[in-house]
Novice: 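I'd like to ask you about the structure that follows.
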Amino acid sequence: MLAVALLGLIPFILIVSGSDLYREQIMSDIGGTRTAASIISGIATGGYAFGALLAGDLVHRLPQRVLFHIGQGLLVLGWALAGRAQNVEMFGAGRVLAGLATGTLLVTSLPPVVRRFPASQLPLTAAFINIGFFGAIAGGPMLGGAIAAFHAWRVIYITFAALGSANILLALLSLPKTPPTNPDLPFDWQGLSLGLVGTVLPFWASGELAAHGFGSVWLIAPLTISMA
């Protein structure tokens, strides 16, 4: 179960922390610009935040195991789209989808690891999770440098898609069948809509900094709307 959680979450962390080193290679290959790359990265990170929010709501209504497999399947599709991208739109869709899916896995994969084992195992579980997450943050630039040196960004994205497919099979053997906690809870469309605006627009605004200054309407408008 711990391996399922780490395999689902670590690839996105590696990409976020190391992609700056080979971003120009990607944009050159697919005909994108530096601004487009920055916006895609920002929205993908915002998608990660919204994915966690969305899964936190859906887990009350749907079985956690089902939600995990949906999220992991979308993650495989996202990495595959990004790895096979022929244009900036296809690449952006893949990266954003991967971010959104990883956010849902944060809610559907980690809690079973923490809850299903006795309290005596919690320090060991926390140690592995912290080493995995912070190790990925530290290792991302090293991986990014290797990708840049060998021009292998497509290879790494397709590799992540393959690992995600294997993780689906691993989850079938390990994740428990937990019923939803409150299946009759009304769906909060208004709350999730506000959550989408509040999580995605600030990261979109930060992506605009690559081409515009702090005083630009392209930054101020989405930032103001998200804060409102």
Side-chain angles (χ1 to χ4, degrees), residues 9-53 74-103 106 133-161 163-164 196-228:
L9 298 171
I10 283 179
F12 185 76
I13 300 175
L14 288 169
I15 293 300
V16 169
S17 61
S19 60
D20 284 349
L21 296 172
Y22 55 91
R23 184 176 294 174
E24 291 185 5
Q25 287 184 359
I26 297 177
M27 292 300 106
S28 176
D29 290 347
I30 63 177
T33 64
R34 180 187 176 193
T35 302
S38 181
I39 292 174
I40 289 170
S41 179
I43 295 178
T45 305
Y48 175 85
F50 178 70
L53 176 67
L74 292 175
L75 182 59
V76 171
L77 177 60
W79 291 134
L81 280 174
R84 298 293 297 171
Q86 302 302 312
N87 51 57
V88 70
E89 292 82 9
M90 186 176 176
F91 178 78
R95 283 281 279 109
V96 171
L97 184 58
L100 175 69
T102 304
L106 185 66
F133 283 8
F134 290 109
I137 294 172
M142 186 180 298
L143 176 63
I147 293 172
F150 295 100
H151 205 114
W153 65 272
R154 291 189 186 275
V155 174
I156 198 65
Y157 284 125
I158 296 300
T159 299
F160 285 161
L163 288 175
L196 176 64
V197 173
T199 53
V200 173
L201 287 187
F203 289 101
W204 182 0
S206 67
E208 294 287 354
L209 283 173
H212 308 285
F214 281 99
S216 170
V217 67
W218 291 99
L219 183 143
I220 293 175
L223 193 60
T224 302
I225 293 172
S226 67
M227 294 175 65

Novice: Report the residues that fulfil ring-ring contact (aromatic ring centres under 6.0 Å, His included) with Phe50, sequence neighbours left out, ordered by chain and then residue number.
Specialist: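 Once residues adjacent in sequence are excluded, Phe50 has no partner under the ring-ring contact (aromatic ring centres under 6.0 Å, His included) criterion.
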
Novice: For Pro202 versus Val197, what's the shortest heavy-atom pair and its separation?
Specialist: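 Minimum heavy-atom separation between Pro202 and Val197: CD-O, 3.8 Å.
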
Novice: Would you check if the side chain of Ser28 reaches a backbone N or O of Glu24 as a donor-acceptor pair within less than 3.5 Å?
Specialist: no

Novice: For a quick test of reading the model, state the closest non-hydrogen atom pair linking Leu75 to Ala101 and the distance between them.
Specialist: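 Smallest heavy-atom distance, with atoms named: N-CB, 3.5 Å.
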
Novice: How far does CG of Leu21 sit from CG of Leu143, to the nearest 0.5 angstrom?
Specialist: 9.5 Å

Novice: What are the two closest non-hydrogen atoms of Leu201 and Ile225, and how far apart are they?
Specialist: CD1-CG2, 3.6 Å

Novice: According to salt bridge (Lys or Arg N to Asp or Glu O under 4.0 Å), who are the partners of Asp20, at least two apart in sequence or on a separate chain?
Specialist: Arg23

Novice: Could you tell me if the side chain of Asp29 sits less than 4.5 Å from the side chain of His151, heavy atoms only?
Specialist: yes

Novice: If you draw a 6.0 Å radius around CE in Met90, do more than 12 non-hydrogen atoms from other residues or ligands fall strictly inside?
Specialist: yes

Novice: Are Tyr22 and Trp153, when compared by the centres of their aromatic rings, separated by less than 6.0 Å?
Specialist: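 Between Trp153 and Tyr22, which both carry aromatic rings, the centre distance is not below 6.0 Å.
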
Novice: Using every non-hydrogen atom in the two residues, find where Ile30 and Ala85 come nearest and quote the distance to one decimal.
Specialist: CG2-O, 3.8 Å

Novice: Using only atom types and a distance under 3.5 Å, with no angle test, would you say the side chain of Ser41 pairs donor to acceptor with the backbone of Ala37?
Specialist: no

Novice: With rounding to the nearest 0.5 Å, note down the distance linking CZ in Phe91 to CZ in Arg154.
Specialist: 9.5 Å

Novice: Measuring from Thr102:OG1 to Phe160:CZ, what's the distance to the nearest 0.5 Å?
Specialist: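 Interatomic distance, Thr102 OG1 to Phe160 CZ, rounded to 0.5 Å: 10.0 Å.
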
Novice: Would you compute the distance between atom CD1 of Ile39 and atom CZ of Phe203 and round it to the nearest 0.5 angstrom?
Specialist: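 Answer for the CD1-CZ pair, Ile39 versus Phe203, is 15.0 Å.
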
